[in-house]
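Notes to accompany the following structure.
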Amino acid sequence: MLLSTVQGILLLFTVGLNLHIFYLYIKLQQQMHLLSERLPLQQELMDRAFTEIHNNSLQQLAFVIRELQIREMSQQELIEYLRQVYQDIQTSVENLKE
């Protein structure tokens, strides 16, 4: 009698442990699925950020550098160009946050 009671308790414990492990496995699968869905979105955002910064801000900086090498540029003119580059970078960052 005592042996069957101990066996029953061990069986219940084993079943409960297996159910808990299965529950954790299902949760892990759900998290992996969510992460795999987000990965392409994050890659797309990184590509957009690179393209936007390259096509805007870096091009403007390259232009300013060329202009400074070719001709004299007033400090005010340089500040205006740099402000524009700064604003473009801020806009790019804000767009990526959306």
Distance in Å, [X] [atom1] paired with [Y] [atom2], rounded so as to fall on 0.5 Å steps:
X: T14; Y: Q7; atom1: OG1; atom2: CD; value: 11.0 Å
X: L35; Y: L39; atom1: CG; atom2: CG; value: 8.5 Å
X: D47; Y: T51; atom1: CG; atom2: OG1; value: 6.5 Å

Q30 atom CD, neighbour heavy-atom count above 12 within 6.0 Å: yes

Within 6.0 angstrom of R71 CZ, more than 12 heavy atoms from elsewhere: yes

Option from I89, I65, V85 for which side chain to side chain contact (heavy atoms under 4.5 Å, CB included) with Q60 holds: V85

Report whether [X] and [Y] are members of the same hydrophobic cluster (ILVMFWY, side-chain heavy atoms less than 4.5 Å apart, transitive linking).
X: L28; Y: L19; value: no
X: I79; Y: M73; value: no
X: L58; Y: F50; value: no

For P40 against S36, the heavy-atom pair lying closest together: CD-O, 3.1 Å

Side-chain donor-acceptor pair present, N55, Q59, cut-off under 3.5 Å: no

Results of salt bridge (Lys or Arg N to Asp or Glu O under 4.0 Å) for E80 - residues two or more places apart only: none

With Q90 via side chain to side chain contact (heavy atoms under 4.5 Å, CB included) - residues at least two apart: Y86

CA sep, side-chain torsions, deciding dist, call: H33, E37, side-chain hydrogen bond (donor to acceptor under 3.5 Å, both in side chains): CA-CA 6 Å; H33 179 71; E37 285 180 342; 2.9 Å; yes

NZ/NE/NH1/NH2 to OD/OE distance under 4.0 Å, R48 and E44: no

